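Everything below concerns the one structure shown next.
Keep in mind it's a predicted model, so treat the numbers as computed, not measured.
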Amino acid sequence: TLPLVANNVDLISISLDSALKNYIWLSKHSIFIAYTNHQVQTINLKFREMCHLSSNELEKKEKLILVKNSLIRGKRYYNGDMFTVESIGKEENFCYTIKDLDKKDVQINLTFLDVELTHISSGQYIHTKILSNKLWDENPQPTREELAALIINFRQKHSNLKKGSPEYRQAIRNDPYFNALFMRFGYALTCHKAQGGEWDNIFIDLNRPNNDLKTKSGFTWLYTALT
């Protein structure tokens, strides 16, 4: 048996589809918690499908989470900050050939999307760019090759600046492309990302690799998810 027993009061055992149907009506003050990035992405995309949202485009009023500390016009935002999409502007695509660690050529596509966002915790309204192609990526963290492509994008626009100079450093701090936000859909979070947050309703996906929920590691994860 599972280490938690549903009592149909505080703890209710339901299928993923049933949970998502409930979540549609409760999502403003609720969250899904899952163990892996794969599970989180599966829930995020399944939720969007059930809401009849576009399968390949971001839409207004969607919930996003930042996955990399970022600086926007001198203000710092942190990994785990939540945002709501208020408006969507133009999209730009760039493709670069990057050498990976094995010295093999890798094609890196960067898709920049102009958006206006509301920072949920502060209510602050910001206009910025996001790397929208990462929204559909199972691993939302920037890769070594993507960071290298961002540097190339910056240097092509600022070829007159000497690397390491004060002007170079100032330009890279202010460049909206280099500082584009790495984000993912925010309908489901890993337990790590959810730490410190509070919601009225929590849906916890108890699927664990190798069905190890009843191990010490599994109990530790579940305790963290509940608290």
Side-chain angles (χ1 to χ4, degrees), residues 2-68 77-86 115 117-121 130 132-141 181-215 217-227:
L2 291 172
L4 283 179
V5 177
N7 60 15
N8 295 317
V9 180
D10 324 270
L11 303 172
I12 304 169
S13 179
I14 56 178
S15 69
L16 177 59
D17 282 353
S18 295
L20 285 168
K21 287 175 182 176
N22 281 279
Y23 187 40
I24 288 173
W25 302 105
L26 298 171
S27 60
K28 187 174 181 182
H29 301 292
S30 304
I31 199 67
F32 250 97
I33 296 176
Y35 181 64
T36 65
N37 279 321
H38 173 73
Q39 290 167 291
V40 165
Q41 188 70 337
T42 297
I43 294 168
N44 275 328
L45 297 182
K46 193 171 182 64
F47 176 79
R48 295 185 77 256
E49 180 184 348
M50 293 179 72
C51 292
H52 304 289
L53 296 169
S54 171
S55 62
N56 58 10
E57 291 183 357
L58 180 66
E59 297 195 23
K60 288 174 63 175
K61 298 304 177 185
E62 292 217 60
K63 190 188 299 182
L64 302 178
I65 183 170
L66 190 63
V67 300
K68 177 179 175 287
Y77 295 90
Y78 297 95
N79 184 354
D81 281 359
M82 302 288 291
F83 296 82
T84 302
V85 179
E86 301 298 344
V115 293
L117 306 172
T118 296
H119 184 229
I120 291 176
S121 65
I130 66 171
S132 60
N133 57 294
K134 295 295 286 184
L135 293 173
W136 279 267
D137 196 330
E138 187 174 299
N139 179 16
Q141 296 292 337
L181 304 185
F182 282 80
M183 310 191 87
R184 79 180 313 164
F185 294 112
Y187 308 111
L189 308 176
T190 60
C191 192
H192 174 73
K193 281 282 192 295
Q195 281 186 278
E198 294 183 0
W199 294 269
D200 292 340
N201 301 283
I202 310 292
F203 297 85
I204 303 176
D205 183 352
L206 296 180
N207 289 308
R208 290 268 303 188
N210 304 315
N211 195 28
D212 71 345
L213 190 60
K214 292 186 285 184
T215 64
S217 172
F219 276 108
T220 300
W221 178 85
L222 186 56
Y223 173 81
T224 305
L226 287 169
T227 55

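- Atom NE2 in His119 sits 10.0 Å away from atom OH in Tyr78 (nearest 0.5 Å).
- Defined by atom type and a distance below 3.5 Å, a donor-acceptor pair is missing between the side-chain atoms of Asn139 and Lys134.
- For the 3.5 Å distance criterion, the side chains of Gln39 and Thr42 fail to qualify, holding no donor opposite an acceptor.
- Sorted by first and then second residue, the pairs that involve residues 17-26 and meet salt bridge (charged side-chain N to carboxylate O under 4.0 Å, His left out), not counting sequence neighbours, are Asp17-Lys46.
- Note that CG of Leu45 is 9.5 Å distant from CD of Glu138, once rounded to the nearest 0.5 Å.
- Side-chain contact between Lys193 and Val67 is present, with heavy atoms from C-beta onward closer than 4.5 Å.
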**Prompt:** Checking side-chain contact (heavy atoms from CB on, under 4.5 Å) for the pair Met183/Lys68: CA distance, chi angles, key distance, verdict?
**Reply:** CA-CA 8 Å; Met183 310 191 87; Lys68 177 179 175 287; over 6 Å; no

**Message:** Pair Ser30, Phe203 - check side-chain contact (heavy atoms from CB on, under 4.5 Å), show working.
**Reply:** CA-CA 8 Å; Ser30 304; Phe203 297 85; 4.3 Å; yes

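- In terms of modelled atom types and a separation under 3.5 Å, the side chain of Trp221 and the main chain of Leu206 share no donor-acceptor contact.
- Within the 4.5 Å cutoff, the side chain of Ser132 has no heavy atoms near those of the Leu58 side chain.
- In this structure, the side chains of Leu181 and Leu117 come closer than 4.5 Å at one or more pairs of heavy atoms.
- Rounded to the nearest 0.5 angstrom, Asp205 CG and Ile33 CD1 are separated by 10.5 Å.
- Side-chain atoms of Glu86 and Lys60, non-hydrogen and from C-beta on, never get closer than 4.5 Å to each other.
- Residues that satisfy the side chain to side chain contact (heavy atoms under 4.5 Å, CB included) test with Ser54, not counting sequence neighbours, are Asn56, Glu57, Glu59.
- Taking OG1 from Thr118 and CD1 from Ile120, the interatomic distance works out to 8.0 Å, rounded to the nearest 0.5 Å.
- Here Gln141 contributes atom CD and Asn37 contributes atom CG; the two are 7.5 Å apart, rounded to the nearest 0.5 Å.
- Between Lys61 and Val85 there is no side-chain heavy-atom pair separated by less than 4.5 Å.
- By the 30° and 60° cut-offs, the orientation of the rings of Tyr187 relative to Phe47 is tilted.
- For the atom pair OH (Tyr77) and CG (Leu66), the distance works out to 10.0 Å, reported to the nearest 0.5 Å.
- Contact check for Leu16 versus Ile43: side-chain heavy atoms found under the 4.5 Å cut-off.
- Residue Ala188 comes nearest to Val40 through the heavy atom pair O-CG1, 3.3 Å, listed as atom of the first residue, atom of the second, then distance.
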**Asked** Can you list the steps and then say if Leu64 with Phe185 is a side-chain contact (heavy atoms from CB on, under 4.5 Å)?
**Response** CA-CA 5 Å; Leu64 302 178; Phe185 294 112; 3.9 Å; yes

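- Of all heavy-atom pairs spanning Thr224 and Cys191, the tightest one is CG2-SG, 3.6 Å.
- Applying the side chain to side chain donor-acceptor pair (under 3.5 Å) rule to Thr220 yields no partners; only residues at least two apart in sequence or on another chain are considered.
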